[in-house]
There are 2 protein chains.
Amino acid sequence: MGNKEDILSVATRLFAAKGYDVVGIQEIVDQAGISKPTMYHYFGSKNGLLVAIMETNFRSLLLELSPAAVYSGDLPATLTSIVKAYFRFALRNPEFYRLHLAFWFSPPSSDGFCAAKEWWEKQQQLLEMLFMLAANNHGNMKNRQRIYAATFLGTINTFIAFFLNGYAELDDNACHSLVRQFSHGIYS
Amino acid sequence: MGNKEDILSVATRLFAAKGYDVVGIQEIVDQAGISKPTMYHYFGSKNGLLVAIMETNFRSLLLELSPAAVYSGDLPATLTSIVKAYFRFALRNPEFYRLHLAFWFSPPSSDGFCAAKEWWEKQQQLLEMLFMLAANNHGNMKNRQRIYAATFLGTINTFIAFFLNGYAELDDNACHSLVRQFSHGIYS
DNA sequence: GAAATAATATACCTATTGGTATAGCATACG
DNA sequence: CGTATGCTATACCAATAGGTATATTATTTC
């Protein structure tokens, strides 16, 4: 397509494969078949390129996630549809998922963390809201939305990382056991 | 004390605060009050320095973890002592914990991932062994050691990351709710 | 005491980094 | 037709990267 899209896709692939900091602009523009000023024309800086990657992909994730996270009154069913949305997205954008996961635990002052932070917060809010609504039906989970949202997302990401490293599949089976483990623990 | 220990501690702090790739050797040796050849004398390369950091700290973690992970016949009790060991270690070495967490989801070809990989595998083995032994008493968890070990460690790391970012405490309360959630889910 | 070895510093290397000044070419617009 | 704007390339910049050649000092060993 256009040069802009080429740059985004090449950069996502290289950042995911080698790490944001070790990939130089030169390598990106070479593989995209363009020259530096073109990249700087569209994105302004290396960090601007990263921010654009985050925006593009996270917007798409949230678009898919929002309807899936509407509380229907049946929490396990809602959790299942959320996990499915995450799995679908990760299967469709494995490189981006790997990239943003790498930023998840990186230094809060780093470019990657800063570029992804606002988008993680949106996911966190979405999940917190869900657990808060569900708390009306499940008294024992009151005031635990924060930690539930965090550990639920943590578990999802652990599964996806497992998949990205070739140790598991992201199928309905995995989805089901994830939700069951989160809901009822390993003793169920 | 010695220059060697100074280098290790300064490098750990800087790597954790800014990221391995963006910290230059010059910055490390400056802050350690020495010069480049001294660092290269002890560690051979930047990567060698990283490997040494991993070795020193992970050795200490495993030393603390091994006795805690011995299966006593009471799985929740064993899980609790494991979580406590992780919490203690993370409280004592927050910078190293942050550093190795940053490598957890980074590209498998990156220096950080490679330097930490063997040590993660040791933790994974330790936990898998535990869940395998426990499966004798809990039939429903047979052949699930892999995923249980992974998600248990994932949950622990999610909690610790929560703490490192200032959102939670790593006290007995947190430990208890982590183990309970992992064992019985959010519905218990 | 001499010789070897470990530890340290000054000064330097080449390659690459993110970024830009300048200019050319295209298309759209008046 | 002429001008303005968007897009692209060549060639360049200063700064920094990881790493080292050489020399000096401190320590150990014989």
Side-chain angles (χ1 to χ4, degrees), chain A residues 1-56 99 102-103 106-116, chain B residues 1-56 99 102-103 106-116:
Chain A
M1 320 277 129
N3 281 340
K4 196 174 176 183
E5 290 75 18
D6 285 350
I7 299 171
L8 281 172
S9 114
V10 168
T12 303
R13 172 164 48 81
L14 287 176
F15 288 162
K18 306 172 135 198
Y20 172 74
D21 294 310
V22 306
V23 175
I25 305 287
Q26 195 62 57
E27 192 176 356
I28 297 171
V29 300
D30 282 352
Q31 292 209 18
I34 55 153
S35 62
K36 276 183 171 186
T38 301
M39 183 263 146
Y40 279 93
H41 171 74
Y42 285 116
F43 302 104
S45 67
K46 190 184 182 184
N47 185 61
L49 173 54
L50 182 62
V51 168
I53 292 175
M54 293 297 130
E55 174 143 1
T56 307
L99 176 59
F103 294 148
S106 55
S109 69
S110 66
D111 283 359
F113 190 93
C114 293
Chain B
M1 309 278 126
N3 281 339
K4 196 173 177 184
E5 290 75 20
D6 284 350
I7 298 171
L8 281 171
S9 111
V10 167
T12 303
R13 172 165 46 82
L14 287 176
F15 288 163
K18 307 172 133 197
Y20 173 74
D21 294 310
V22 305
V23 175
I25 305 287
Q26 196 62 57
E27 191 176 357
I28 296 172
V29 300
D30 283 351
Q31 291 208 19
I34 55 152
S35 64
K36 275 184 173 185
T38 301
M39 183 265 147
Y40 279 93
H41 171 75
Y42 285 116
F43 303 103
S45 68
K46 191 185 182 183
N47 185 60
L49 174 53
L50 182 63
V51 169
I53 292 175
M54 293 297 130
E55 174 144 359
T56 307
L99 176 59
F103 295 149
S106 54
S109 70
S110 67
D111 283 0
F113 190 94
C114 294

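In what follows, every chain begins at residue 1, and chains take the letters A, B, ... in the order their sequences are listed. The structure presented is a predicted model; accordingly, all values stated were derived computationally and were not measured.
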Donor-acceptor pairs under 3.5 angstrom involving side-chain atoms of residues 26-40 of chain A: please list them, not counting sequence neighbours.
residue  : atom : partner  : partner atom : Å
Gln26(A) : NE2  : Asp30(A) : OD1          : 3.2
Glu27(A) : OE1  : Lys18(A) : NZ           : 3.4
Glu27(A) : OE2  : Lys18(A) : NZ           : 2.7
Gln31(A) : OE1  : Arg13(A) : NH1          : 3.1
Gln31(A) : OE1  : Arg13(A) : NH2          : 3.4

Which pair of heavy atoms, one from [X] and one from [Y], lies closest together, and at what distance?
X	Y	answer
Gly19(A)	Pro107(B)	N-CG, 3.5 Å
Ala17(A)	Ser109(B)	O-OG, 3.2 Å
Cys114(A)	Pro108(A)	SG-O, 3.5 Å

### Query
Hey, what do you get for OG (Ser110(A)) to CG (Asp21(B)), rounding to the nearest 0.5 Å?
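Between Ser110(A) OG and Asp21(B) CG, I get 11.0 Å after rounding to 0.5 Å.
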#### Entry: Asn3(B) vs dT8(C): side-chain N/O to OP1/OP2 distance below 4.0 Å
yes
Roughly, in whole Å, what's the span from [atom1] in [X] to [atom2] in [N]?
X	N	atom1	atom2	result
Lys36(A)	dT16(C)	NZ	P	12 Å
Asp111(A)	dT17(C)	CG	P	16 Å
Met39(B)	dA9(C)	CE	C1'	16 Å

### Query
On DNA chain D, which is the earliest and which the latest nucleotide, 5' to 3', with an atom closer than 4.0 Å to a heavy atom of chain A?
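From 5' to 3', the first and last contacting nucleotides are dC7(D) to dT10(D).
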### Message
Could you work out how much the helix from dG1(C)-dC30(D) to dG30(C)-dC1(D) bends, comparing the axis of its first five pairs with that of its last five, to 10°?
### Response
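Here the helix ends are tilted 0° relative to one another.
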### Query
Counting only non-hydrogen atoms, which of residues 19-35 of chain B are less than 4.0 Å from DNA chain D?
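Nucleic-acid contacts, sorted: Val23(B), Gly24(B), Ile25(B).
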### Message
Counting only heavy atoms and a strict 4.0 angstrom limit, can you tell me which residues of residues 41-56 of chain B come near DNA chain D?
### Response
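Going residue by residue through residues 41-56 of chain B, the ones with a heavy atom under 4.0 Å of DNA chain D turn out to be Ser45(B), Lys46(B).
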For residues 43-56 of chain B, which side-chain donor-acceptor pairs fall under 3.5 Å, sequence neighbours excluded?
residue  : atom : partner  : partner atom : Å
Ser45(B) : OG   : Asn47(B) : N            : 3.4
Ser45(B) : OG   : Gly48(B) : N            : 2.9
Lys46(B) : NZ   : Tyr20(B) : O            : 3.0
Lys46(B) : NZ   : Val23(B) : O            : 2.9
Glu55(B) : OE2  : Arg59(B) : NH2          : 2.2
Thr56(B) : OG1  : Ala52(B) : O            : 2.8

